[in-house]
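Some notes on the structure that comes next.
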Amino acid sequence: MKRAARQFAFYALLVGIWALIARLHIWPPYIVPPPIDVFNALKDGFEDHSLLIAIGVSSRHMLLGYGISVILGMFLGICLAANQYLEQTVGGLLVSLQSMPSICWLPLAVLWFGLSENAILFVIVMGSTLSVTISMETGRKQMPKIYSMAGRNLGARKWNLFYHVLLPASMPYIITGLKQGWAFAWRSLFAGEMLSLSLGLGQRLNAGRDNNDMPQVIAVMILIVAIGYIVDGWLFRSVERRLQHKWGLLPST
Amino acid sequence: MSATPNLVEEVLQKNQDHAGGGARATQPVAKLCLQNLSLHYRAEDRSKLLALDKINLQVSAGEFLCIVGPSGCGKSTLLYLIAGLHEPSSGKVLMDGKVVERTGTDRIMIFQEHGLFPWLTVEENVEFGMKMKGIKKAQRREQTYEYLKMVHLQKFQKSYIHQLSGGMRQRVAIARALATEPDVLLMDEPFAALDAQTRDLLHDELERIWASTGRTIVFVTHNVREAVRLGDRVAVFTFRPGRVKREYKIDLPRPRHLEDTAVAGTARDILTDLREEIDKSLEAEYNDETRR
């Protein structure tokens, strides 16, 4: 409760300072709009459904793109784990590809897929698959050997060993990978959506720029942060907490 | 610890029947037979290191064999070979006359670091081996409860591993091993990380469980007194390469205690023998340090 009150006070203060700066008219309102304009832009956006549609479209991109990334990323991870030759060749390639910022895939995506939804999905998949794969790989390498030995010793072989021992033993790393993959996908999404032609949040952001509509730009930015925080902070963190509690990685208070 | 002894005895009796009527130490059947067992592996500097050199050992059914030796003598490695987790470079392990080629639930390891699965509850850990064998859930649960009772942990069946103390974890590991109904228990310094009091209690429990289930036990330790307190026989290993230096038959009456003068006396004799090997291991260690 105390914590919530503190956080509320902090954000109130932030908005207060912002309002004060806007009030001083140092910069024109199309550069620094007052908070109330941004609030109205949000309200209008929800009332005429344009922001709701944008959230819907962006969510769809995320679900599809991230979904493909997770499946592909895990599949790749398992393949690399199963085959040493693949790990030495493809594994190295993946790590070097991972250093590429996802926005750099954009020109290629446009030439391959045109200004389409597929181009957006491609950018998301390229941006987030590899971090899922690499975390699975890390999990396999760092997982204490004793688990697989104990599992084999107790009669687990092949599929049973994988499903009942190796997979759960590397779960902390997999969760980290899924979380990281989500963060990368979320960042890639807006790079892709800036292409316009989609009705997603990224496109609303770009439309704000085209119309010189600063309140809308800020409104969409706030939405992006809020949604990102909700998924990352609530969904992933609660899964992580539960796991840490079970494994005793956290003091169970 | 001595709660409801009658009930426990009953359970033990039942398990014994289940295991095919405990073969006792009196029968001279070679349960395990190690023949010219050697293992070398590549050290970091790519030189070949001989860890075990032509080990010949026999363990009778129901026997409690303790192996002592300085650290680095390959005594743990020997257990991995018996368990089928490692492959020998030459020689073989025979179990009931058949060559051991891979892991099998007739030989279960108990590790120093217990190796329990942190993502499973106590109960799920214990029934893991039965699950792998394809035993039905209802039967698994029932047996799991009995094995947990045997180690006095039935109240903790729903706990996670990190919620237990070190001694309790080792007891879960023992229950988990017994639940697969192995003929041979392979124990790799299972009590080395525990405090003295907990270890004493676990010695008593292990002796009791061994006596009533008739399992064959190969117990590796660096603690000579522990070996004398528990074993029917103690094999002393040499330092690098590991060889059987000498074997001691321990005929002291049971139940024994760590503080018994007879135990202490026998331990002192064996320790004199072992001292030489410990000195060698220390020398090697110091040399390693100065080389760095």
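Throughout, a chain's letter reflects where its sequence line sits, starting with A, and its residues are numbered from 1.
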Please check if atom [atom1] in [X] has more than 12 non-hydrogen atoms from other residues, nucleotides or ligands closer than 6.0 Å.
X: A:Lys158; atom1: NZ; value: no
X: A:Ile103; atom1: CD1; value: no
X: B:Lys92; atom1: NZ; value: no
X: A:Gln7; atom1: CD; value: yes
X: A:Met143; atom1: CE; value: yes
X: B:Arg141; atom1: CZ; value: yes
X: A:Gln98; atom1: CD; value: yes
X: A:Phe46; atom1: CZ; value: yes

Answer yes if the ring centres of B:Trp119 and A:Tyr147 are under 6.0 angstrom apart, and no otherwise.
-> yes
Compare every heavy atom of A:Ala156 with every heavy atom of B:Met132, then report the nearest pair and how far apart it is.
->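 Shortest heavy-atom contact: SD-CB, 3.6 Å.
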Any idea which heavy atoms bring B:Gly115 and A:Ala150 closest together, and the distance?
->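 Closest heavy-atom pair between B:Gly115 and A:Ala150: O-CB, 3.6 Å.
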So, A:Asn153 side chain and B:Met109 main chain: donor-acceptor pair closer than 3.5 Å or not?
->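 Checked: pair present.
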From B:His162 NE2 over to A:Gln244 CD, what is the distance, rounded to the nearest 0.5 angstrom?
->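 Here the interatomic distance stands at 11.0 Å.
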Quick one: which of A:Met149, A:Arg152, A:Arg157 has the most heavy-atom pairs under 4.5 Å with chain B, could you say?
-> A:Arg157
Check whether any side-chain heavy atom of A:Val165 sits under 4.5 Å from a side-chain heavy atom of B:Phe128, and report yes or no.
-> yes
Answer yes or no: is there a side-chain heavy-atom contact under 4.5 Å between A:Leu154 and B:Thr105?
->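 No, too far: nothing below the 4.5 Å cut-off.
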Does any heavy atom of chain A fall under 4.5 Å from the side chain of [X], the backbone, both, or neither of them?
X: B:Leu85; result: both
X: B:Arg176; result: both
X: B:Ile110; result: neither

